[in-house]
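Along the sequence shown, residues are numbered consecutively beginning with 1. The figures that follow rest on heavy atoms only: side chains count, while hydrogens, waters and symmetry mates do not.
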Amino acid sequence: MRAVGWVALAGLAACAAPEEGYVLDLPEGFPAPVIPADNPLTAEKIELGRHLFYETRLSGNETQSCGSCHLQELAFTDGRTVGLGSTGAPHARNVNGLTNVAYNSTLTWANPLLTDLETQMLLPLFGDDPVEMGAAPGQDAVLARIADDPAYQERFAAAYPKLDAPVTWDTTIGAIASFMRTLISGDSPFDRFAYQGDGSALSPTELRGLELFYSERLECHHCHGGFNFSEASVHADSVFDAALFHNTGLYDVDGQGAYPANNTGVYAITGDPADMGRFRPPSLRNVAVTAPYLHDGSAATLEEVVRIYERGGRLVEDGPNAGDGAESPLKSGLVPGFELTDAERDDLIAFLGSLTDTRFLEDPRFAPP
Ligand code: HEC
Ligand code: HEC
């Protein structure tokens with residue numbers, strides 16, 4: 001049983017005896033993601049999950065769905081600096097994209113304890129710090145809106161045929177998680193070049209950028225490596241490695257490496273001073289459409305991000321967060337700084353653009369019903 005927060009997910013195991021096996025349509029070069037044994041994929045559950053992902057009746061005041069903050073055309077981000085909840089409360093962090101989220105070994109920007117989508121979902125649904133969907137105060141009434149809808153009664157019955165009363169929070173969460181596990185993106189120009197044998201898929205500038213990205217001079221691939229451009233990926237044959245969070249020298253507000261108090265990274269979870277400012281390297285797939293960047297949305301463009309790496313950390317000149325992240329004693333050794341010509345910087349940014357998979361951004365299977 002997963003007993004976390006407001007709902008104990010005890011029912012999942014009971015309701016999820018494997019139905020007909022559903023085979024994910026994986027791109028060339030992609031390993032199989034880990035699918036929890038107690039929530040196997042089925043076509044009916046995925047389709048139900050898509051409806052629920054875009055269902056505003058699931059928020060307390062019926063204004064927001066998951067899809068309000070996770071928009072497909074922005075690779076399931078929202079274009080805002082930080083997320084904005086259904087009651088108008090700002091989130092401390094930038095909205096994570098959901099590209100290939102099934103492969104993330106941990107979820108959200110900096111939480112080593114959140115390792116499955118079902119558990120993570122309790123935060124946007126029921127969390128009150130900050131309120132996102134705000135379903136907690138009247139959670140029975142919120143669920144009743146769904147249970148009373150004949151169209152949903154049919155979909156839940158199809159997705160969970162063994163249950164007499166299939167509309168529960170467990171099944172709702174299980175279906176949305178199943179839908180998210182299908183959000184797989186692997187058809188970018190980079191993929192056609194690297195995995196599909198199309199030597200002409202990348203332009204000369206993108207190719208030069210690729211060489212820079214994988215060079216020891218820039219070090220990008222050490223943290224944004226592998227098929228998903230994040231070392232923080234897990235799949236059927238991988239071994240979990242907890243040392244995946246890094247301080248990239250974005251802040252040093254006290255001369256000892258401190259980050260702003262509302263965004264201290266893994267430190268907020270563990271309390272270990274060594275974890276100050278350590279965040280998960282996000283996947284860089286579709287990164288060209290997910291501006292603004294970084295855990296707090298503090299970089300508006302990819303060029304701004306690249307210039308931070310060039311400098312070996314960020315100088316915040318004034319204001320409450322003033323300080324030079326490049327001097328932080330907690331900064332990763334993989335962010336030493338390096339020099340780029342303007343042309344090289346353009347190449348690197350062009351390469352990042354080659355990770356955009358337009359088919360994913362427009363795929364009707366992922367769109368609002
Ligand atoms: C108010 C905007 C908002 C809403 C509504 C929202 N999210 Fe999010 N989501 C966020 C933010 C902000 C983060 C980053 C949280 C953090 O790092 O603490 C996030 C992170 C996530 C992640 C982690 C992805 C990763 O890369 O690790 C998942 C999964 C997710 N949300 C799923 C959902 C689902 C499912 C729903 C609906 C039940 C939902 N979200 C509703 C704002 C939102
Ligand atoms: C030491 C590991 C590490 C190295 C090396 C590294 N990154 Fe990152 N990268 C991260 C982490 C961690 C974050 C998130 C930082 C944060 O928000 O606090 C990040 C964030 C980013 C982002 C923002 C993505 C988003 O969705 O907001 C981009 C773009 C990026 N890195 C590109 C690069 C490039 C290009 C290089 C090489 C020049 C590089 N990274 C090198 C760990 C690394």
Side-chain angles (χ1 to χ4, degrees), residues 1-27 29-53 58 66 70 76 96 98-108 111-126 143 146 152 155-186 226-228 230-242 244 280 283 365-366:
M1 166 169 123
R2 280 177 264 239
V4 195
W6 302 262
V7 205
L9 296 183
L12 270 180
C15 67
E19 316 293 340
E20 290 306 305
Y22 177 91
V23 181
L24 273 174
D25 179 15
L26 294 177
F30 275 46
V34 178
I35 307 294
D38 59 2
N39 191 17
L41 294 176
T42 66
E44 292 79 8
K45 222 194 278 177
I46 293 164
E47 183 59 5
L48 169 64
R50 181 169 70 109
H51 282 77
L52 293 169
F53 184 89
L58 278 182
C66 311
H70 296 285
F76 298 96
N96 287 127
L98 302 178
T99 299
N100 296 338
V101 72
Y103 293 101
N104 288 354
S105 55
T106 67
L107 295 161
T108 72
N111 191 336
L113 307 178
L114 281 178
T115 56
D116 63 86
L117 292 168
E118 287 81 354
T119 308
Q120 191 279 331
M121 214 179 304
L122 303 176
L123 293 173
L125 282 172
F126 305 115
L143 197 61
I146 306 298
Y152 272 118
R155 290 187 191 285
F156 273 88
Y160 297 98
K162 298 199 173 79
L163 295 184
D164 295 335
V167 186
T168 65
W169 280 112
D170 291 350
T171 53
T172 297
I173 289 169
I176 298 176
S178 297
F179 168 66
M180 288 196 289
R181 292 192 172 100
T182 69
L183 301 177
I184 290 177
S185 167
F227 74 101
N228 203 29
S230 171
E231 286 304 312
S233 300
V234 68
H235 52 83
D237 308 316
S238 63
V239 181
F240 179 69
D241 175 2
L244 294 166
R280 185 191 70 183
S283 169
R365 292 175 303 169
F366 309 147

Can a donor-acceptor pair be found between the side chains of Thr108 and Asn111 at a distance below 3.5 Å?
no
With Phe366, which residues qualify under ring-ring contact (aromatic ring centres under 6.0 Å, His included), at least two apart?
Phe360
Is the shortest side-chain heavy-atom distance between Asn96 and Phe76 below 4.5 Å?
no
Kindly indicate whether the side chain of Leu244, heavy atoms from C-beta on, has any atom under 4.5 Å from the side chain of Thr106.
no
Strictly distance-based, threshold 3.5 Å: is any side-chain N or O of Tyr103 a donor or acceptor partner for the main-chain N or O of Pro31?
yes
If every non-hydrogen atom of Thr115 is compared with every non-hydrogen atom of Leu107, which pair is closest and at what distance?
C-CD1, 4.2 Å
Could I get the full list of salt bridge (Lys or Arg N to Asp or Glu O under 4.0 Å) partners for Glu231, not counting sequence neighbours?
none
The side chain to side chain contact (heavy atoms under 4.5 Å, CB included) partner of Ile184 among Val101, Leu26, Thr99 is Leu26
Those residues at least two apart in sequence (or on a different chain) that pass ring-ring contact (aromatic ring centres under 6.0 Å, His included) with Phe179 are Phe53
Listed by chain and number, what are the side-chain hydrogen bond (donor to acceptor under 3.5 Å, both in side chains) partners of Asn100, not counting sequence neighbours?
Asn228
Can you name the residues that form a salt bridge (Lys or Arg N to Asp or Glu O under 4.0 Å) with Arg280, not counting sequence neighbours?
none
Where the side chain of Tyr152 meets the backbone of His51, is there a donor-acceptor pair that is under 3.5 Å apart?
yes
Going by the rule salt bridge (Lys or Arg N to Asp or Glu O under 4.0 Å), which residues pair with Arg155 if we only count those two or more places apart in sequence or in a different chain?
none
Can you tell me how far CG of Leu24 sits from CZ of Arg181, rounded to the nearest 0.5 angstrom?
10.0 Å
Is there a donor-acceptor pair closer than 3.5 Å between any side-chain N or O of Asp116 and the backbone N or O of Thr119?
yes
Minimum heavy-atom distance Ala177-Met121, with the two atoms named
N-CE, 3.6 Å
Is the backbone of Pro166 close enough, under 3.5 Å, to the side chain of Thr171 for a donor and an acceptor to pair up by distance?
yes
Lys45 side-chain N/O to Ile176 backbone N/O, donor-acceptor pair under 3.5 Å:
no
